[in-house]
Amino acid sequence: MTVNPAMRIAVGQLAPLIADVDENLMTVSNILQKAEKVDVDVLVLPELCNSGYAFKNKGELSASAEPIPEGPMSQELLAWSGGGRLVVAGICERTSEGFFNSAVVVGSGEHITTYHKIHLFLDEKDWFLPGDEEPPVIEYRGYRFGVMVCFDWAFPEVARVLTLQGAQVILHPANIVLPYCQDAMVTRSIENRVYTATANRTGIERGLTFSGASQITDVKGSRLTQMGRDETGLAWVDIDPSLADDKAITERNDLLEDRRPSLYRRLISDD
Ligand code: ACM
């Protein structure tokens with residue numbers, strides 16, 4: 001298979017307005033236009049970018065949620081991706097089962113998959129059902145991309161499971177509240193030898209301050225780019241995802257082969 005030697009990957013940072021789906025759609029649309037102008041191949045947008053985060057009640061949540069892929073934000077992303085691009089964005093999703101804090105993945109005009117966040121943070125537990133499927137890795141243009149959402153960062157098992165599925169790049173929509181996430185994602189890169197792209201939101205919403213500082217790390221945990229706390233817009237870098245296939249830490253240590261899973265049984269059982 002022929003693959004491109006490099007891809008341009010970007011993180012979009014914005015301050016969604018709570019429950020203002022039209023305004024949020026316009027803001028995202030502006031970022032998509034910028035991303036198109038600079039030839040971005042892969043774009044990550046923040047968690048819940050159609051809806052905002054701090055809902056007041058179920059009515060507000062319901063009015064902000066959309067079905068995937070029929071909803072307006074999903075359709076906007078599908079249209080943008082039609083030129084041979086991949087985008088992952090956090091969506092407040094309505095389904096027949098209930099509401100999910102989701103990451104929609106669309107590429108080349110197709111809905112590829114939707115990930116339902118599995119680790120819900122604080123009051124998210126009041127609004128959303130937790131996902132109960134393994135976070136996905138999708139292949140796109142010869143490379144492999146894993147998806148997780150915000151608070152999944154606090155569970156290193158998630159990035160490891162994505163790595164074990166072959167992810168070379170972890171795409172990470174976020175609405176970061178705790179101050180350690182960006183640093184933790186540096187560690188997720190180092191301990192898995194993968195690129196990570198965290199798209200965080202910014203702004204203050206009903207007393208919650210979001211930390212911006214969206215970033216992209218390389219496979220050794222160096223930050224290739226990081227936005228400011230209050231900045232909005234886009235940051236991008238060119239990467240070669242195949243560098244993530246080399247898991248050597250020293251000439252005698254391989255990150256995956258040197259594991260001792262028989263000694264990690266407590267990860268899956270209390271016995
Ligand atoms: C978070 O998971 N949005 C903190």
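Note that ligands are numbered from 1 as they come in the structure, with each ligand's atoms numbered from 1 the same way. All residue numbers in this chain count up from 1 along the given sequence.
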Mark up the atoms of ligand 1 that fall under 4.0 Å of a heavy atom belonging to [X], in ascending order.
| X | result |
| --- | --- |
| Glu47 | 1 (C), 3 (N) |
| Lys117 | 1 (C), 2 (O), 3 (N) |
| Asn175 | 1 (C), 3 (N), 4 (C) |
| Tyr53 | 1 (C), 3 (N) |
| Glu124 | 1 (C), 2 (O), 3 (N) |
| Phe121 | 1 (C), 2 (O), 4 (C) |

Flag this pair as yes if the NZ/CZ of Arg85 is under 6.0 angstrom from the six-membered ring centre of Trp80 and inside a 45 degree cone about the axis; otherwise no.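 Yes - Arg85 lies over the ring of Trp80, closer than 6.0 Å to its centre and within 45° of its axis.
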Between Phe210 and Arg201, is there a cation-pi geometry (under 6.0 Å to ring centre, at most 45° from the normal)?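 Checked: cation-pi criterion met.
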Among protein heavy atoms, which sits nearest to atom 1 (C) of ligand 1, and what does the distance come to when rounded to 0.1 Å? Cys150 SG, 3.1 Å
When you measure from the side chain of Arg206 to the backbone N and O of Ala54, does any donor-acceptor pair fall under 3.5 Å?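 Side chain of Arg206 to backbone of Ala54, a donor-acceptor pair under 3.5 Å: yes, one is there.
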State, to 0.1 Å, how close Gln13 and Ser214 come at their nearest heavy-atom pair, and which atoms those are.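 That would be OE1-OG, 2.6 Å.
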Less than 6.0 Å separating the ring centroids of Phe155 and His119? yes
Criterion side chain to side chain contact (heavy atoms under 4.5 Å, CB included) against Asn101, the qualifying member of Ile91, Leu48, Leu129: Leu48
